[in-house]
Amino acid sequence: MTETTTSLENTPLPDKEGRFGEYGGSYVPEQLQAVLDEITQSYENIKNDPSFLEELAALNQHFTGRPSPVFHCKNLSEKVGGADIYLKREDLNHTGAHKINHCLGEALLAKRMGKKKLIAETGAGQHGVALATAATLVGLECDIYMGVVDIKKEHPNVVRMKILGATVVPVKRGTQTLKDAVDAAFEAYLEDPVSQLYAIGSVVGPHPFPMMVRDFQQIVGIEAREQFQAMTGKLPDNLVACVGGGSNAMGLFSAFLNDKDVSIYGVEPSGRGFKDGDHAATLTLGKPGVLHGFSSYLLQDDNGDPLPVYSVASGLDYPGVGPQHSLLKDLGRVNYVTASDDEAINAFFELSRTDGIIPAIESAHAMAYAVKLAKEAGKGKTILVNLSGRGDKDIDFVIENYGKDFGI
Ligand SMILES: *Cc1c(COP(=O)(O)O)cnc(C)c1O
């Protein structure tokens with residue numbers, strides 16, 4: 001029998017300064033550091049508090065609908081003719097993706113710290129919707145900072161946030177997209193760090209966010225490990241997840257890091273190609289640097305300024321990546337690979353038409369690599385994919401831009 005590695009205590013990183021090896025840490029003004037220290041302290045106090053864990057577990061079960069199932073994708077596996085592909089169905093969560101897992105945790109933490117308001121940035125609006133949902137549920141106000149370009153592009157999610165009672169704050173500076181929204185949200189946070197909590201959208205940002213968001217996402221891996229063993233009697237041979245900031249990937253990977261026989265793949269978007277500005281393959285093509293208060297691999301120019309990034313999946317479109325992924329890359333524990341726009345769109349239609357599951361375009365990147373890997377690994381092997389979200393949010397965009405190629 002393999003030992004279980006499912007408790008939070010079995011993942012000893014980061015250290016007290018929030019470092020994962022040389023990555024992570026906290027590069028922020030003194031005033032903000034004092035606030036972050038307070039969040040770290042509160043989190044350390046509640047993370048083993050049975051009443052907090054029970055409250056979160058009850059919401060996970062009765063509100064989100066956890067545990068999400070593991071599904072054996074028989075039709076796709078047969079069609080590919082190689083390894084058997086299994087999906088961890090995070091797309092079935094309330095609000096349609098894995099993000100609700102850490103939003104509920106962050107909202108409960110804010111409530112216990114006596115905060116009045118949650119604030120955050122959002123790109124495509126997925127994090128904004130999940131956070132607005134969690135804020136309403138626990139009784140907090142919610143301000144979501146969003147670039148004007150994204151507000152125009154992501155109309156349904158903007159409306160969702162407003163219906164849920166959140167305030168959407170338009171960000172008009174810079175390129176008016178995700179990076180500018182993060183900058184604006186940080187500034188708003190500094191203006192009133194006492195009554196607000198910044199609930200970051202992935203395993204990025206200064207300590208304690210990469211640790212905290214990972215801990216709240218670990219439920220994905222903990223459940224999947226048990227479910228997969230119950231279904232097959234073994235651990236999966238391979239794990240695959242898409243990597244934007246890296247939260248759904250860390251959630252799945254964390255429970256298997258000590259299982260040396262499990263190969264792990266993080267899939268980054270290679271977009272339109274490998275030229276600067278055409279992709280967001282941070283670990284594949286970046287170099288260590290500092291952005292948004294933490295150190296990690298970063299797509300940057302010669303002055304250390306972030307490069308423009310692009311992917312068909314807005315949720316993967318970020319020039320940085322969670323610091324623990326940078327360490328896992330250097331250690332060689334996780335293989336970071338890529339899938340292009342076209343490969344992801346093909347996988348989007350393939351999974352829809354073999355097994356009746358429309359994946360988020362982000363998750364379709366993981367599917368695209370899983371299909372490739374299934375052919376290489378061959379029959380008798382297994383692949384567990386984190387299906388991080390559902391594709392309802394993407395259908396209009398996909399049909400407008402790719403429908404013809406797929407007979408629609
Ligand atoms: C936001 C999002 C992602 C990317 O975020 P990670 O932090 O890398 O997990 C992936 N899939 C879906 C469905 C998303 O909404």
Side-chain angles (χ1 to χ4, degrees), residues 68 87-103 106 120-131 133 144 146 150 154 156-157 160 178 181-182 199-205 209-210 212-221 239-254 265-269 280-283 292 294 296-297 309 311-326 328 334 336 339 344 347-348 351 357-369 385-395 397:
S68 64
L87 308 178
K88 175 62 172 166
R89 299 286 314 273
E90 290 299 293
D91 60 314
L92 293 178
N93 296 338
H94 178 46
T95 68
H98 67 289
K99 287 195 174 75
I100 192 71
N101 300 330
H102 68 252
C103 287
E106 288 179 318
E121 80 294 341
T122 197
Q126 294 301 108
H127 177 57
V129 169
L131 194 67
T133 302
I144 301 293
M146 189 168 187
D150 289 329
E154 309 290 347
N157 275 342
R160 272 184 202 111
L178 179 60
V182 176
I200 217 155
S202 187
V203 285
V204 298
F209 294 113
M212 212 162 73
V213 172
R214 175 205 62 198
D215 290 353
F216 291 135
Q217 285 296 344
Q218 262 190 109
I219 189 160
V220 175
L239 304 177
V240 178
C242 64
V243 177
S247 64
N248 87 85
M250 275 321 307
L252 178 66
F253 298 170
S254 292
Y265 298 86
V267 186
E268 298 191 306
T282 307
L283 289 159
H292 292 146
F294 69 107
S296 196
Y297 276 76
V309 283
S311 164
V312 68
S314 338
L316 303 180
D317 203 356
Y318 184 65
V321 66
Q324 193 167 5
H325 285 290
S326 292
L328 290 168
V334 177
Y336 293 93
F348 175 94
L351 183 63
I357 298 169
I358 304 176
I361 303 187
E362 289 80 9
S363 324
H365 284 73
M367 288 309 302
Y369 189 77
V385 183
N386 195 4
L387 198 76
S388 53
R390 68 175 83 126
D392 302 34
K393 68 184 177 61
D394 299 315
I395 55 179
F397 172 84

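All heavy atoms count here, side chains included; hydrogens, waters and symmetry mates do not. In each ligand, atom 1 is the first atom listed, and ligand 1 is the first ligand listed.
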Next item on the list: Indicate the atoms forming the closest heavy-atom contact of T122 with D150, along with that distance.
Entry: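 Looking at all heavy atoms of both residues, the shortest contact is O-OD2, 4.5 Å.
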Next item on the list: Check each of Y336, F294, Y318 against H325 using the ring-ring contact (aromatic ring centres under 6.0 Å, His included) test, and report the only one that passes.
Entry: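 Of all the options given, the one that passes is Y336.
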Can you check whether [X] has an N/O within less than 3.5 Å of an N/O in ligand 1?
| X | result |
| --- | --- |
| H98 | yes |
| A249 | no |
| L316 | no |
| S363 | no |
| C242 | no |

Notebook entry, point to check: Just how far is it from atom SG of C103 to atom NE2 of H127, taken to the nearest 0.5 Å?
Noted result: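 Atom-to-atom, C103:SG and H127:NE2 are 5.0 Å apart.
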Note to self: Looking at non-hydrogen atoms alone, which of Q126, E362, K99, E90 comes nearest to atom 14 (C) of ligand 1?
What the structure shows: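 The nearest heavy atom belongs to K99.
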Next item on the list: Measure from atom 9 (O) of ligand 1 to every heavy atom in N248, V129, V220 and give the option owning the shortest one.
Entry: N248
Check: Only one of S68, S363, S388 forms a side-chain contact (heavy atoms from CB on, under 4.5 Å) with H98, so which one is it?
Finding: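 Among the candidates, only S388 passes.
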Next item on the list: Could you tell me which atoms of ligand 1, counted from 1 in the order shown, lie closer than 4.0 angstrom to a heavy atom of S388?
Entry: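 Within the 4.0 Å cut-off of S388, ligand 1 contributes 10 (C), 11 (N), 12 (C), 13 (C).
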Next item on the list: May I ask you to identify the nearest protein heavy atom to atom 4 (C) of ligand 1, giving residue, atom name and distance to one decimal place in Å?
Entry: G315 O, 3.3 Å
Notebook entry, point to check: Between Y265 and Y369, how do the two ring planes meet: parallel, tilted or perpendicular, split at 30° and 60°?
Noted result: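 Rings of Y265 and Y369: tilted, as their planes differ by 30° to 60°.
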